[in-house]
Amino acid sequence: VQLQASGGGLVQAGGSLRLSCTASRVINIMGWYRRAPGNKREFVATYTSSGDQLYADSVKGRFTISRDSAGNMVYLQMNNMKPEDTAIYYCDAQIRGLVYWGQGTLVTVSS
């Protein structure tokens, strides 16, 4: 499984960005993680196997995960962004207990 993330960039605090992740096949469980400088990778948002959406408390109400009808793309709409959202964002996919990662896309939020 190959994952390709895109859409990162530089944005001012309060601004918005939309990340995209394309998978090489249809996958039910897809989501987003991020790693800020000096920190461990942390969960951001995901679709569960039942189609529910889960969010980290730090992004609830600001970020929205969505997917295309074909089932091989997932998006992350990020609104009202904060400097602490600065990180490399990775999409992940889970198939039969195995986790696959994309290459990451850098998001920088200036104050």
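All values below were derived from every heavy atom in this structure, side-chain atoms included, with hydrogens, water molecules and symmetry-related copies excluded.
In this structure, K82 has no salt bridge (Lys or Arg N to Asp or Glu O under 4.0 Å) partners at least two apart in sequence or on a different chain. The side-chain contact (heavy atoms from CB on, under 4.5 Å) test applied to V59 returns R34, V44, Y55, A56, R62, F63, not counting sequence neighbours. R35 is linked by a side chain to side chain donor-acceptor pair (under 3.5 Å) to Y90, counting only residues two or more places apart in sequence or in another chain. N39 meets the side chain to side chain donor-acceptor pair (under 3.5 Å) test with no other residue; sequence neighbours excluded. Considering only residues two or more places apart in sequence or on other chains, Y33 meets the ring-ring contact (aromatic ring centres under 6.0 Å, His included) condition with F43, W101. Among residues two or more places apart in sequence or in another chain, the side-chain contact (heavy atoms from CB on, under 4.5 Å) test is passed with Q103 by Q4, A5.
For the residue pair T86 and A36, the shortest heavy atom distance occurs at O-CB, 3.6 Å. The nearest pair of heavy atoms linking S66 to V74 is O-CG2, 3.2 Å.
Residue pairs meeting the side chain to side chain donor-acceptor pair (under 3.5 Å) criterion with at least one member in residues 12-22, sequence neighbours excluded: S16-N79. The disulfide bond (SG atoms under 2.5 Å apart) pairs that include a residue from residues 29-88 number zero, where partners must be two or more places apart or lie in different chains. Within the structure, disulfide bond (SG atoms under 2.5 Å apart) contacts touching residues 33-83 (residues at least two apart or in different chains) do not occur. Sorted by first and then second residue, the pairs that involve residues 43-52 and meet side chain to side chain donor-acceptor pair (under 3.5 Å), not counting sequence neighbours, are Y47-Q53, T48-S50, S50-D52. Applying the disulfide bond (SG atoms under 2.5 Å apart) rule to pairs touching residues 63-111 yields C21-C91, sequence neighbours excluded.
Taking a 6.0 Å sphere around CD of Q2, one finds it holds 12 or fewer heavy atoms contributed by other residues, nucleotides or ligands.
Residues L54 and M30 do not share a hydrophobic cluster, clusters being chains of Ile/Leu/Val/Met/Phe/Trp/Tyr side chains in contact below 4.5 Å. Under the 4.5 Å side-chain heavy-atom criterion for ILVMFWY residues, a single connected hydrophobic cluster contains both I65 and Y100. In the hydrophobic cluster analysis, where Ile, Leu, Val, Met, Phe, Trp and Tyr join through side-chain heavy atoms closer than 4.5 angstrom, L98 is grouped together with L3.
In this structure, the separation between OG on S6 and OH on Y89 is 15.0 Å, given to the nearest 0.5 Å.
By the 4.5 Å side-chain criterion applied to Ile, Leu, Val, Met, Phe, Trp and Tyr, M73 is assigned to a cluster that also includes Y75.
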